[in-house]
Every structure is written in structure tokens, then in C-alpha cells.
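Report on the structure given below.
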Amino acid sequence: MAKKILVTGGTGYIGSHTVVELQQAGYEVIIVDNLSNSNAEVIEGITHISGIRPKFEKLDCTDLPAMKALFKRHQGIEGIIHFAASKAVGESVHKPLMYYRNNIVSLLNLLQLMPENKVKGIVFSSSCTVYGEPDNNPIDENAPIKPATSPYGNTKQINEEIILDYVHSGADIKSIILRYFNPIGSHPSAEIGELPLGVPQNLVPYITQTGIGIRKELSVFGDDYNTPDGSCIRDFINVVDLAKAHVIAIARMLEDKSDEKVEIFNLGTGNGVSVLELIKVFEKVSGKPLNYKIVGRREGDIEQIWANPDHANNVLGWKAVETIEDTMASAWKWQQRLRQKGIM
Ligand code: UD1
């Protein structure tokens with residue numbers, strides 16, 4: 001019988017790509033999502049790709065009675081992948097309580113309900129934001145955790161600590177914490193992708209929306225950083241590569257491939273790419289020049305960060321394989337598909 005996995009935030013950007021990979025690997029998926037930053041149409045995209053309609057529960061993970069009832073309705077859930085969270089850095093500065101409530105209470109509820117429902121493991125979506133501005137690059141998992149620069153970043157740090165404390169208290173669960181670098185791109189089918197509501201805060205949706213004419217021009221936040229071309233450097237990781245790491249992590253916990261109760265992995269490519277370089281890649285794969293201007297730095301931005309992914313490569317046997325060109329081409333194809341559908 002297929003193993004049942006609960007995916008919180010499964011209609012979101014990384015969540016939806018992970019649902020597809022889980023289904024293709026033979027897992028049965030139950031999505032829980034409150035649709036606060038996504039829409040139910042995503043289920044259709046998932047179903048088109050995999051041929052399997054995931055079960056869907058429109059619920060908020062902060063609602064403990066509702067989550068208790070969900071575990072009653074779906075007996076035998078073996079693992080959880082927890083994506084559901086608020087994720088806009090700037091918004092978190094203005095609405096800290098909302099961020100602490102959404103991001104922390106959700107995890108507390110899931111952890112509480114795991115042992116009583118015999119759920120063996122939880123994969124947690126963390127971020128390279130926990131490293132702050134690194135002293136050295138590439139950065140590995142042993143690098144120091146720096147004080148968070150936003151409530152959003154703080155929720156990731158606190159959630160990691162909550163998991164560690166709970167497991168160390170003797171709770172009968174396992175966890176794998178995945179620290180993502182900068183996920184970009186979309187499924188090659190263009191059936192699912194990143195769908196930001198309103199004006200995008202992140203670079204790639206802003207680039208593709210500018211490319212298609214929704215935005216007039218991209219503002220590049222700073223060209224006076226201490227980097228070769230003066231713009232910030234990131235480790236842009238293909239979202240499907242990222243999704244696949246979750247399937248490996250779930251199998252690792254459910255099949256007891258490790259004796260460790262909590263493991264932490266960086267998920268990145270190991271290559272730093274600058275903002276200006278990424279714009280050039282977009283221009284190459286789209287065949288059109290991008291309208292952009294250099295403006296001042298954005299407050300709170302990190303100058304440069306990229307991963308040392310050796311631990312994930314060697315221990316999980318996972319590696320990012322997609323090229324940056326193919327990844328940007330997938331983001332562009334998705335943007336064009338949204339236009340065709342009349343969504344954007
Ligand atoms: C941020 C968060 C990260 C979070 C991620 C996804 C921090 C330090 N990082 O990553 O934790 O997981 O968002 O929400 O809080 N840029 C432009 N013009 C734009 C948009 C972005 O030049 O219009 C530049 C930024 O200055 C930055 C780079 O592009 O140098 C990437 O920005 P973005 O996509 O927002 O991701 P991060 O800030 O790296």
C-alpha cells in the first residue's frame with residue numbers, strides 16, 4: 001500500500017512541485033492548505049502532470065481542533081512535509097505577530113499531533129536565511145547561525161530550535177530540516193509554477209513579469225557590493241531539483257536509513273550567480289532584452305551567499321542537476337503560460 005504523506009502548504013510554490021514528485025515516486029499525498037497565498041487551481045495542474053488527484057483539505061494548520069479532526073479522517077499518515085508558512089520578509093517586519101502565530105503555532109500543532117497519530121517523521125522547510133551574512137562562502141551546515149534580521153527569518157530559526165528541543169526531549173519522531181537557498185523556475189510542463197499575488201518581491205518573478213510587460217522595468221537593488229560585478233550573489237536552485245530532495249528525505253526517515261533523529265541539510269547548487277548574471281541568462285533564453293535600472297540597495301539584503309551542498313550530495317545522494325539556463329527558460333515558459341491562460 002502506498003505510504004501516506006501529509007503536505008502542508010501543498011498548493012504553494014515549492015509544495016506543489018513536491019507533491020508531483022511524491023506522487024511520481026508512489027506516495028499517496030494529502031494536501032492541507034488554507035489558500036492564503038495560493039489557489040485551488042493548482043490541484044488541477046498537479047493532476048494534469050501526475051495523473052493522480054491529491055486529496056485536498058482547506059484548513060489552517062494553526063487550528064488545532066481542525067488538524068486533530070484531519071488526522072482522524074486520514075488514518076495512517078506516516079510522514080509530514082511542512083511548507084505552510086508566511087514567507088514575505090518585508091511584510092513580516094510590519095506584521096510580526098501574524099508571522100509568529102502562523103509559522104510557529106502551525107509547527108507546534110503538527111509536532112503535538114505526530115506521536116499520538118503515529119506519524120514517524122517531519123521534513124521542515126527552512127532557509128539559508130538562518131546563516132545571515134556569511135563570513136565565508138560556500139557555506140556549510142556547521143556555519144554559525146546569525147541573529148535574524150526579520151521576524152520571518154526568526155521564525156525559521158525558532159522552528160529549527162523547537163524541532164531540536166522536542167526530539168531531544170525524547171519525542172518519538174524524526175525530522176529532517178532542509179535549508180533552501182533561492183528556489184526558482186517551474187515544472188518543465190508549465191502546468192505549475194510560482195504565482196506571486198500582487199507585486200513580486202522576489203527576483204525571478206519580477207524578471208519574468210517585466211519580460212512579458214506586466215512591470216515596466218526591474219529595479220536592481222545595488223551594484224556597489226563587494227562582488228565581481230557589484231550586484232548581490234545567490235545560489236539559485238531549480239524548484240524541481242529541490243522538490244526531489246524532499247522525496248529522498250521522506251524515504252530516509254520512513255525507512256530508517258539513518259540513526260540520527262534530526263538531520264540538517266543545505267539544498268543549493270554550490271554555484272553563486274549574481275543578479276546581473278541572472279538577468280543575462282534570462283535575456284539569452286528569452287531572446288529579448290530586459291528593461292532594468294540600477295537603484296539603491298534594499299534594506300536587509302545579504303551581499304553574497306551560496307551553498308556548500310556536499311552534505312546533501314554525499315549523505316542524501318541528492319544533487320542539483322538542472323542548468324541555470326534551463327531553469328530560467330522554465331520560469332519564462334510558465335510566465336508565458338499564465339499569459340495564455342489570461343491569468344497574468
Ligand atoms: C529572501 C529571503 C529568504 C527567503 C526568500 C524567499 C532574506 C535575507 N532572504 O531571499 O529567506 O527564503 O526571500 O522569499 O531575508 N532583487 C533585485 N530586484 C528585485 C528583487 C530582488 O535586485 O526586484 C535582488 C535582491 O536585492 C537580492 C536578489 O535579487 O540580491 C534575490 O532577491 P530575492 O529573490 O528577494 O531573494 P532573497 O532576498 O535572496
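Each ligand, and each atom within it, is numbered from 1 in the order the structure gives.
Using a 3.5 Å distance cut-off with no hydrogens or angles, the side chains of Tyr152 and Glu91 do not pair a donor with an acceptor. Between the side chains of Ser86 and Asn102, at least one donor N or O sits under 3.5 Å from an acceptor N or O. Counting only N and O atoms by type, the side chains of Ser219 and Tyr292 include no donor and acceptor under 3.5 Å apart.
Interface atoms of ligand 1 facing Cys232, defined by a heavy-atom separation under 4.0 Å, are 30 (O). Each of the atoms 10 (O), 36 (O), 37 (P), 39 (O) of ligand 1 lies under 4.0 Å from some heavy atom of Asn182. The ligand atoms of ligand 1 that sit less than 4.0 angstrom from a heavy atom of Val89 are 2 (C), 15 (O). Annotation for ligand 1: atoms under 4.0 Å from non-hydrogen atoms of Thr129 are 7 (C), 8 (C), 11 (O), 15 (O). Near Ser219, with a cut-off below 4.0 Å to any heavy atom, the atoms of ligand 1 are 17 (C), 18 (N), 19 (C), 22 (O), 23 (O). Atom numbering of ligand 1 starts at 1 in the shown order; those under 4.0 Å from a heavy atom of Val220 are 22 (O). For ligand 1 and Lys87, the ligand atoms under 4.0 Å from any heavy atom of the residue are 14 (O). Of all atoms in ligand 1, numbered sequentially from 1 with element shown, those under 4.0 Å from a heavy atom of Gln201 are 20 (C), 35 (O).
Given atom 24 (C) of ligand 1, the protein heavy atom at minimum distance is Val275 CG2, 3.9 Å. Counting only heavy atoms of the protein, atom 33 (P) of ligand 1 lies nearest to Asn202 ND2, 3.5 Å. Nearest protein neighbour of atom 25 (C) of ligand 1, counting heavy atoms only, is Asp301 OD2, 3.4 Å. Scanning all protein heavy atoms for the shortest distance to atom 19 (C) of ligand 1 gives Phe221 CE1, 3.3 Å. Considering only non-hydrogen protein atoms, atom 35 (O) of ligand 1 sits nearest to Arg298 NH2, 2.8 Å. Nearest protein neighbour of atom 12 (O) of ligand 1, counting heavy atoms only, is Tyr152 OH, 3.2 Å.
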Practice prompt. For the pair Leu218 and Leu203, evaluate side-chain contact (heavy atoms from CB on, under 4.5 Å) and give the outcome as yes or no after the intermediate values.
Written response: CA-CA 9 Å; Leu218 169 77; Leu203 180 60; 4.1 Å; yes
Worksheet entry | Working for ring pair (Phe, Tyr, Trp, His ring centres under 6.0 Å), residues Phe83 and His17 | CA-CA 12 Å; Phe83 294 104; His17 289 82; over 10 Å; no
Worksheet entry | side-chain contact (heavy atoms from CB on, under 4.5 Å) assessment of Leu64 paired with Val105 | CA-CA 9 Å; Leu64 184 60; Val105 176; over 6 Å; no
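Salt bridge Glu78/Lys120: absent, no basic N to carboxylate O contact under 4.0 Å. Salt-bridge check for Glu57 with Arg73: passed, with a basic side-chain N closer than 4.0 Å to an acidic carboxylate O. At a threshold of 4.0 Å, the pair Glu260-Lys174 does not count as salt-bridged, since none of the basic side-chain nitrogens sits closer than that to a carboxylate oxygen.
Looking at Leu203 against ligand 1, both its backbone and its side chain come within 4.0 Å, counting heavy atoms.
Between the choices Ile279, Ile305, Ile302, Leu218, the shortest heavy-atom distance to atom 23 (O) of ligand 1 belongs to Leu218.
Note that Arg297 lies in the cation-pi zone of Tyr225, set by a 6.0 Å cut-off to the ring centre and a 45° limit from the axis.
Residue pairs meeting the side-chain hydrogen bond (donor to acceptor under 3.5 Å, both in side chains) criterion with at least one partner in residues 299-317, sequence neighbours excluded, are Arg298-Asp301.
Considering only heavy atoms from C-beta on, Ser175 stays 4.5 Å or farther from Lys261 through its side chain.
For Ser127, the heavy-atom gap to ligand 1 drops under 4.0 angstrom. The closest approach between any non-hydrogen atom of Tyr180 and ligand 1 is not below 4.0 Å.
Checking only distances, Arg234 does come within under 3.5 Å of ligand 1, N or O to N or O.
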